[in-house]
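Worksheet: the structure to be examined is printed underneath.
We number each residue from 1, following the sequence as shown. Counting convention: from 1, in listed order, for ligands and their atoms alike.
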Amino acid sequence: MKKDNTQFIELIKKQKNNFPLDQAFYTNQEIYDIDVKNFLFNQWIFIGHESRIPNKGDYFLFDIDKESIIIIRGDNKINCFFNVCRHRGSHICVNKEGKMNKLVCPYHSWVYDLDGKLIKARMMPKNFDKENWKLHKCNSINFEGLIFINLSDNPDDFNEFIKPTRNFIELHGLNNAKIAFRKTYPTNGNWKLTLDNFHECYHCQTAHPEYCEVHSKDYIQAYGAGNNTGPESLEFSKRLDEWNKKTNKIGYLTGEYSEKEFSNFYRSAERTPFSRNRLSETKNGKPASTLMGHFNEFDGGYTTIGTSPFNSLLMSNDFATAFTFIPRGPMRTDVEIMWLVDKDAVEGIDYNIENIIWMWDKTTIADKKIIEDNQKGVNSKKYIPGPLSEMEKGLEKFKKWYLKTLLKSLK
Ligand code: FES
Ligand code: FE
């Protein structure tokens, strides 16, 4: 094991600034396994919204690597358990989603309540104490309706983790939201290749006509993949200043956050203006649904949040697009999107799904294609990392954080 790590440490040290990673990082099974253990299982990740399980006993499964997590609504709260029976280990829930008033193991019918307490086990010896055989809880927090889990045995403090993005998320009232639509985009690409693509907007002009229709070229240059991901645009800075002043006056949050020093976390947040006259991330710029959260009027702003590399929230005043990136194998990633609207908004009257999903559905389908083509080329014996452009600073930043975190975890 130690010897293997030496080999990986050497490889990490060989990576060059302003170049993407070597092939092995995008293809190798052992590196993938290390990534799952050291990244995926160490982060707070939101994997759903509470509105997916509105009634007691409603549940869904979140399967990741060898783990399966049951997310189930109990009496007063949502509970998350490892889907592992305490008897001989069988999965308890075998359907992806459903309703269970009690958790009954299909193997020998041990029965657990919705708090994970074992309440029935037939023909056990007299000294068997059910109290000692509760389901294993998975760390979880329902924050603003977003269900965060952390698979680490020693998770980072949630409050510390959420602190810099908290105000940005709370502004949008996701705790009063419902899922309007959900879709998974299975992508044949390594998770880092998938995120590399998400962290740069160098490809936007060629791949994303819809995104370029909605967002101005100045925004795309400077902020297309988040703050500080491209060269500054004076035009956009002027627009941002002017919008900040106006928005502060009406009392809504402005500003941005990005990590200033290295930590376990990789978070960002910012509020930026759409082009003049545009109020929402829709084809015609008009609102797509009713106002959410703290908004009493449209402020023409767009909120972009990354709580970790595995989650992004992109929010207009009237709907939110929430991403979860789920590594599935060395060359496979599921991109899951939930579109959230106010819980009282009525489909067909206040919003229509096509209008809401238009841009990110089209854009994610296009991203899936370019990531898969990218992975095919990266697999070639002729792949050598090439120099990055000025518009790929976000990718470089993510890569540096990844390598540093990996190195720390291997030493
Ligand atoms: Fe669940 Fe036996 S494995 S009851
Ligand atoms: Fe893209």
Side-chain angles (χ1 to χ4, degrees), residues 20 61 68 70 81-95 100 102-113 116-125 128-130 132-136 183 185-217 219-226 229-230 281 302 304 306 309 311-314 321-325 333-337 357-375 388-389 391-395 398:
L61 297 183
S68 173
I70 306 167
F81 303 112
F82 283 84
N83 193 5
V84 180
C85 181
R86 296 301 311 276
H87 177 222
R88 278 172 46 207
S90 170
H91 271 185
I92 298 167
C93 296
V94 291
N95 296 321
M100 298 261 255
K102 305 231 166 2
L103 291 160
V104 184
C105 178
Y107 201 173
H108 315 94
S109 302
W110 279 26
V111 181
Y112 305 84
D113 69 14
K117 234 171 98 181
L118 179 63
I119 50 174
K120 236 185 238 167
R122 291 171 301 123
M123 294 183 211
M124 296 303 289
F128 174 75
D129 185 356
K130 293 202 280 287
N132 298 331
W133 299 96
K134 293 177 181 149
L135 290 178
H136 292 296
K183 185 167 169 183
Y185 304 78
T187 304
N188 290 320
N190 179 274
W191 70 280
K192 297 186 293 284
L193 209 62
T194 305
L195 286 172
D196 283 353
N197 178 69
F198 203 74
H199 285 127
E200 55 93 351
C201 215
Y202 193 37
H203 69 276
C204 291
Q205 270 193 352
T206 41
H208 300 316
E210 298 82 10
Y211 188 84
C212 294
E213 199 179 323
V214 167
H215 296 285
S216 73
K217 73 172 191 340
Y219 169 85
I220 288 174
Q221 176 183 315
Y223 276 79
T229 55
E281 204 177 30
Y302 185 51
T304 311
N311 285 128
S312 286
L313 286 164
L314 308 177
T321 312
F323 289 76
T324 307
F325 297 91
T333 305
D334 278 348
V335 180
E336 282 192 8
I337 306 186
I357 73 169
W358 170 73
M359 200 206 77
W360 278 111
D361 182 50
K362 290 249 183 314
T363 302
T364 309
I365 290 168
D367 277 333
K368 171 180 155 71
K369 171 88 175 91
I370 54 183
I371 293 161
E372 290 179 346
D373 292 340
N374 189 182
Q375 181 76 57
L388 298 178
S389 74
M391 275 192 75
E392 289 163 297
K393 287 187 200 164
L395 187 163
F398 168 60

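Evaluation of the salt bridge (Lys or Arg N to Asp or Glu O under 4.0 Å) test over residues 187-216, restricted to residues two or more places apart or in two chains, returns Asp35-Lys192, Glu213-Lys283.
Excluding waters, the set of protein N/O/S atoms under 2.8 Å from the Fe ion (ligand 2) reads His203 NE2, His208 NE2, Asp367 OD1, Asp367 OD2. For atom 1 (Fe) of ligand 1, protein N, O or S atoms closer than 2.8 Å were enumerated as Cys85 SG, Cys105 SG, with waters left out.
For the side chain to side chain contact (heavy atoms under 4.5 Å, CB included) criterion with Lys183, the lone passing option out of Ile357, Thr364, Val335, Asp361 is Asp361.
For the pair His215 and Tyr223, the minimum side-chain heavy-atom distance is 4.5 Å or more.
For Tyr107, the OH atom counts as loosely surrounded, since its 6.0 Å shell holds 12 or fewer non-hydrogen atoms of other residues, nucleotides or ligands. Tyr302 OH: more than 12 foreign heavy atoms inside a 6.0 Å radius. For NE2 of His136, the number of neighbouring non-hydrogen atoms (other residues, nucleotides, ligands) closer than 6.0 Å is 12 at most. Heavy-atom neighbours of Trp358 CH2 from other residues, nucleotides or ligands within 6.0 Å: above the threshold of 12.
For Phe325 and Phe198, the ring centers sit closer than 6.0 Å to each other.
With sequence neighbours excluded, the residues satisfying disulfide bond (SG atoms under 2.5 Å apart) with Cys204 are Cys201.
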